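Whatever order the structure lists them in is the order used to number ligands and atoms, beginning at 1. All values derive from a computational prediction rather than experimental measurement. The analysis underlying the following values was restricted to heavy atoms, covering all of them including side chains, and did not include hydrogens, waters or symmetry mates.
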Amino acid sequence: ADGYVIEAVTRRGYRLVSRPDRLYPWEIDRHLDTGFVGKTIHYHEYVGSTNDEAKQLVRSGAPEGTVVVAEGQVKGRGRRGRSWASPFGAGVWSSTILRPKISPYDAPKMALLSALAVVYGIKEATGLEAEIKWPNDVLVDGRKVAGILVEMDAEIETVRAIVVGIGINANVPEEALPADARTSATSLNAVTGAKVDRARLLGRILTHLERLYVRWMTSGFDGILPELREKTATLGRQVRVVEARGEWEAKALDLAPDGALIVEDA
Ligand code: BT5
């Protein structure tokens, strides 16, 4: 019923012929090497947004490391109210709950750290060299394959919980991407021509996410900066700075110790 094909031969035994292409928790678990991240995984066929499901779980006291995954999202969200296309069975739409002891000021570091985990996970699961477009996109060959949406539940001085939303176009056909993103975005499958094992991809990303997060909490963010710099494609490029008071062109020079982008205007 779950889509596993099992062959039976009388008096000889059973053979697992094939597994379904589903993000079942036990399939993700096979690729996890973690202490707490992904130890509880809430699986859904369809949700509105996995981030909203995770926020609900935060309110009911879900432990750190709880993960929500869905095959499809009908109200997938990007930043600033933008929508995120999340076709059924084709991507990795996931949210992870973390409860770091940090101030809200430090929360943006979580997006950078997550992007780095996605870069490493993509490398392990597909062999592709992905790069970070500061602060929350992951690119392959200059095109967006993944986006990160970090949201928090916080008071002025303390963070109660952070929800790390990760969306990856694993096997999303290019035609299924929104029209406004078709030239700037792609999927891992479109680049490699091979079907991506989504459970493995997510398992490896979550493993790196925990490793980097624990390193940040125990030894500080400084130790992660060199790796972030190495994987950030934005450095050295012309960028458009969009601020409340206006927009301007600049050159991206470096990452500051807190993860901010240092730019130079004309
Ligand atoms: C992001 O926003 O890149 C963050 C995306 C986060 C998605 C995950 S999925 C699991 C979790 N649950 C959620 O509801 N969200 C998170 P932003 O930088 O604002 O990019 C949004 C823009 O990317 C849109 O305006 C489109 O132009 C484009 N876009 C939409 N769907 C896309 C897709 N599947 N692939 C690439 N680009 C897309």
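For the ring pair (Phe, Tyr, Trp, His ring centres under 6.0 Å) condition, the pairs that include at least one residue of residues 46-66, sequence neighbours left out, are Tyr46-Phe88. The ring pair (Phe, Tyr, Trp, His ring centres under 6.0 Å) contacts involving residues 99-145 comprise Tyr120-His208, where partners must be two or more places apart or lie in separate chains.
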Tabulating one pair per line, provide the atom names and distances (0.1 Å) for every N/O atom of ligand 1 that is less than 3.5 Å from a protein N/O atom.
{"unit_1": "ligand 1", "atom_1": "2 (O)", "unit_2": "Arg79", "atom_2": "N", "d": "3.3"}
{"unit_1": "ligand 1", "atom_1": "3 (O)", "unit_2": "Lys144", "atom_2": "NZ", "d": "2.7"}
{"unit_1": "ligand 1", "atom_1": "12 (N)", "unit_2": "Thr50", "atom_2": "OG1", "d": "3.1"}
{"unit_1": "ligand 1", "atom_1": "12 (N)", "unit_2": "Gln73", "atom_2": "OE1", "d": "3.0"}
{"unit_1": "ligand 1", "atom_1": "14 (O)", "unit_2": "Ser49", "atom_2": "OG", "d": "2.7"}
{"unit_1": "ligand 1", "atom_1": "14 (O)", "unit_2": "Arg77", "atom_2": "N", "d": "2.7"}
{"unit_1": "ligand 1", "atom_1": "15 (N)", "unit_2": "Arg77", "atom_2": "O", "d": "2.8"}
{"unit_1": "ligand 1", "atom_1": "18 (O)", "unit_2": "Arg79", "atom_2": "NE", "d": "3.3"}
{"unit_1": "ligand 1", "atom_1": "18 (O)", "unit_2": "Arg79", "atom_2": "NH2", "d": "3.1"}
{"unit_1": "ligand 1", "atom_1": "18 (O)", "unit_2": "Lys144", "atom_2": "NZ", "d": "3.3"}
{"unit_1": "ligand 1", "atom_1": "19 (O)", "unit_2": "Arg79", "atom_2": "N", "d": "2.9"}
{"unit_1": "ligand 1", "atom_1": "19 (O)", "unit_2": "Arg82", "atom_2": "NE", "d": "2.7"}
{"unit_1": "ligand 1", "atom_1": "19 (O)", "unit_2": "Arg82", "atom_2": "NH2", "d": "3.0"}
{"unit_1": "ligand 1", "atom_1": "20 (O)", "unit_2": "Lys144", "atom_2": "NZ", "d": "3.2"}
{"unit_1": "ligand 1", "atom_1": "27 (O)", "unit_2": "Asp180", "atom_2": "OD1", "d": "3.4"}
{"unit_1": "ligand 1", "atom_1": "27 (O)", "unit_2": "Asp180", "atom_2": "OD2", "d": "2.9"}
{"unit_1": "ligand 1", "atom_1": "31 (N)", "unit_2": "Ala85", "atom_2": "N", "d": "2.9"}
{"unit_1": "ligand 1", "atom_1": "34 (N)", "unit_2": "Ala85", "atom_2": "O", "d": "3.0"}
{"unit_1": "ligand 1", "atom_1": "34 (N)", "unit_2": "Asn169", "atom_2": "OD1", "d": "3.0"}
{"unit_1": "ligand 1", "atom_1": "35 (N)", "unit_2": "Asn169", "atom_2": "ND2", "d": "2.7"}

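Remark: the backbone N or O of Val196 is paired with a side-chain donor or acceptor of Asn171 at under 3.5 angstrom. When atom types are taken as modelled, the side chain of Arg99 and the backbone of Gly65 share no donor-acceptor pair closer than 3.5 angstrom.
Within a 6.0 Å sphere centred on CD of Glu243, heavy atoms belonging to other residues, nucleotides or ligands number more than 12.
Listed by chain and residue number, Asp21 satisfy the salt bridge (charged side-chain N to carboxylate O under 4.0 Å, His left out) test with Lys195 (two or more places apart in sequence, or in another chain).
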